[in-house]
Q: 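One structure, pasted below without further comment.
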Number of protein chains: 4
Amino acid sequence: MTDRRQTPPDANRRSEASRRAILMAAFELVGEVGYARLSIEGIAARAGVGKQTIYRWWPSKGAVLFDAFLSLSEGQEGDAALPDTGDLEADLKEVLRATVAELTDPRFDEPMRALNTEIATDPELAARYAEQLEEPMKELKKTRLRKAQEAGQLPADLDLDVAVDLLWGAVHRRWLYRSGPLTSDYADAVVKTALTGLYAR
Amino acid sequence: MTDRRQTPPDANRRSEASRRAILMAAFELVGEVGYARLSIEGIAARAGVGKQTIYRWWPSKGAVLFDAFLSLSEGQEGDAALPDTGDLEADLKEVLRATVAELTDPRFDEPMRALNTEIATDPELAARYAEQLEEPMKELKKTRLRKAQEAGQLPADLDLDVAVDLLWGAVHRRWLYRSGPLTSDYADAVVKTALTGLYAR
Amino acid sequence: MTDRRQTPPDANRRSEASRRAILMAAFELVGEVGYARLSIEGIAARAGVGKQTIYRWWPSKGAVLFDAFLSLSEGQEGDAALPDTGDLEADLKEVLRATVAELTDPRFDEPMRALNTEIATDPELAARYAEQLEEPMKELKKTRLRKAQEAGQLPADLDLDVAVDLLWGAVHRRWLYRSGPLTSDYADAVVKTALTGLYAR
Amino acid sequence: MTDRRQTPPDANRRSEASRRAILMAAFELVGEVGYARLSIEGIAARAGVGKQTIYRWWPSKGAVLFDAFLSLSEGQEGDAALPDTGDLEADLKEVLRATVAELTDPRFDEPMRALNTEIATDPELAARYAEQLEEPMKELKKTRLRKAQEAGQLPADLDLDVAVDLLWGAVHRRWLYRSGPLTSDYADAVVKTALTGLYAR
DNA sequence: TTATAATCGAGACGGTACGTCCCGTCTTGCG
DNA sequence: CGCAAGACGGGACGTACCGTCTCGATTATAA
């Protein structure tokens, strides 16, 4: 049941050293010259690798960059969970502040934008992204919210996907379009407003 | 207002026919081949125009595409305002449904994604985008919310920017990352959840 | 006879089946795609053989092709001799006509051209060619001429190398450069003219 | 009646400087690294030219090399004629010695072999070669022989093409296959033998 | 009869060059 | 002077092969 297309490369013979050199080179370069100027040619040269070795294992420079991100987030997840002190608002503020900090980190800003660009464009890559990075994270978020639901802090019929979109969508939008200052205060305001709602009471 | 570098092109002599042909060609092509494969060379050929005529008036293919969008939304704004029936929830739902409809329209999806990724990458273009398209739209949204504030439906100290981010951020995120079905129902859920807040009451 | 570099391949263990498959594949391919597009990679694939098996036993694709030719002409020589009816002119015409026929045969034309250009370029190969194919043939030709010398038909001080060059050089040149029709009549004319000389008498 | 294929390059706009730089680079490089290692890439780099500029005007590296040869022999022909002192044998010896000298000149040997290789392989190039270089030369040779015919030195029914093949074919063959020393003496022997014929008299 | 060492197929690897596309600049000739 | 046309030097694309280098899996001596 191992349906492979055409003559598949033999993954057993794959050079782990080359793989790592390529991912590292890709990540470095995208930070240095930006995604638009990132080239397979450049990655290969920096990694000390033949171009064919990249083309053999990745379908596009976006896919390389994606794996570079994946390999960064590898190992550090495991049994990770969002903080749960019982105080939902405080916990969410902490998490969103962390998100803001990451998006603001100059070391990650450029590559992350590049990855976002690629994902917005390439549905196949988007699917991999969703499955391997986004969904696990989202599950953590929903788990925390579900706890709050069980504690009666959130209504039982709340659509958790909508809730997550509300919270992270706002932050992400401000980051991506630079439509305003992206600060801890902003994160706090988003959490507070989302929790209590726009309506006056 | 005269700080132009070198000898500026004389806008009076500019060929309106060429300008329009270029913008149309750009918009069509981005829909056909995607932003990545869109080229100045291709636009010039399709528009029956010399490459120099494009380089004379636009700094990048992103800028051309941007103007193509601008020229689409031209004339149709004017005194536009968001609906105001007094029922804030109903009005917001109508507007967000319209947003969803536009983002879902296959004729606009590809070009819009292209524009978005370009804006995420190019800060200068992002500034023009903010000024010429985003801000006017945002002002309309805030105006409607301010009306509700004055009517006492929303608290006086509500940060309207956060409110807008909450509502449109969620929708935009779902569109850009295809992270779930983008439907009228979703728009409704976003509006309702944002207005009443996540908290159980 | 032991000056081989490194650990010499053990010819006893050599796979005769692979050797033959390689030579056959090389000969076929050069006829199909021409010498310029002939590749070791292609020969290996056609022969169902690893590339290393070729590199182990041959130094270049020219050498492979050369051996392919050698293996063709094997066995058919032995005690061969040129015809000797006593009539020098008739005998030479017969031989040159045969040469013309061979050069004209479409099955041999492409490969033969390939071999010739390779020999013109690679002196080492040229030496092997001279020794293993050209010299034996030339010796047969000179033997026939020497008989004629002994019979008094040719002057004793005639340089037989020059004579052979005159006769076969003309034919070969017309073939290689396609500088005119290569026919039996041409062969006859060459023989007759060379024998009697250009001078009117 | 100017049937051109597809969109022909506009020869009026062609850069003469680039053309010359390319031909010079090609000629130099073929002498330095040999034809096999000659590359379009290398020619472009040496000439300080984009690869496309070569591909725009020439179909193959062989064609470039060919034009490089053409441009060498340009201007120097004009009203050229072979020497005619009345002494056919002396005149032919002089000409064949010159041929030998040229073929022996190390500055020309490699490039000339390369050109020969290419011509033997590519019929289209061979046609151009025949028309632009070989035929004019051959015509000069035949003209000289025709003079001798008119003077009664050569029989009226002598096939001049065969005569030329006999003389130059022998020399050319010895050069191309390095089948023996290529000297003035050899040239003399060829002329003498061809004129008087092999037959003893 | 077994180890043991070389050959074999396969194909990944670091490279070079291919021929193509497009970049952004420059030049030419028309209106 | 703007324009269409398009040649130019250059950079990168994705592909084809180069010659070298492991991998097991056969073989065919030599212990």
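Treat the numbers as computed from the prediction; the structure is a model and nothing was measured.
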Q: Could you give the CD1-to-P distance, from C/Ile43 to F/dC18, as a whole number of Å?
A: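 Atom-to-atom, C/Ile43 to F/dC18, this comes out as 8 Å.
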Q: F/dC13 P sits how many Å from A/Ile40 CD1, rounded?
A: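 Rounding to the nearest Å, CD1 of A/Ile40 and P of F/dC13 are 6 Å apart.
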Q: Phosphate oxygens OP1/OP2 of E/dT16: is one of them under 4.0 Å from a side-chain N or O of D/Ser39?
A: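 Result: no.
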Q: Please give, in whole Å, the distance from F/dG6 C1' to B/Lys51 NZ?
A: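 Taking NZ of B/Lys51 and C1' of F/dG6, I get 8 Å after rounding.
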Q: Check whether any side-chain nitrogen or oxygen of D/Thr53 sits under 4.0 Å from OP1 or OP2 of F/dG9, and answer yes or no.
A: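 Yes, D/Thr53 has a side-chain N/O under 4.0 Å of OP1/OP2 on F/dG9.
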Q: Please pick, from F/dA5, F/dT20, F/dC18, the nucleotide with the shortest atom-to-atom distance to any side-chain atom of B/Gln52.
A: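 Closest of the options to the side chain of B/Gln52: F/dA5.
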Q: With a 4.0 Å cut-off, would you call D/Asp67 and D/Arg128 a salt bridge?
A: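 Answer for the salt bridge query: yes.
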Q: To the nearest Å, give me how far apart CD1 (C/Ile54) and C1' (F/dC21) are.
A: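 After rounding, the gap between these two atoms is 17 Å.
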Q: Is the distance from OP1 or OP2 of F/dG9 to the nearest side-chain N or O of D/Ser18 less than 4.0 Å?
A: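 Answer is yes, contact under 4.0 Å.
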Q: What contact category does A/Gly42 fall into here, base, sugar-phosphate, or nothing, at under 4.0 angstrom with non-hydrogen atoms?
A: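 No contact at all - A/Gly42 keeps every heavy atom at 4.0 Å or more from the nucleic acid.
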Q: Less than 4.0 angstrom between a side-chain N/O of B/Trp57 and OP1 or OP2 of F/dC3, yes or no?
A: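 Looking at the OP1 and OP2 atoms of F/dC3, one of them is under 4.0 Å from a side-chain N or O of B/Trp57.
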Q: Report the residues that fulfil side chain to side chain contact (heavy atoms under 4.5 Å, CB included) with A/Arg20, sequence neighbours left out, ordered by chain and then residue number.
A: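 Partners of A/Arg20 under the side chain to side chain contact (heavy atoms under 4.5 Å, CB included) test: A/Glu16.
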Q: Could you tell me how far apart D/Arg56 (CZ) and E/dT20 (P) are, to the nearest whole angstrom?
A: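 After rounding, the reported distance stands at 12 Å.
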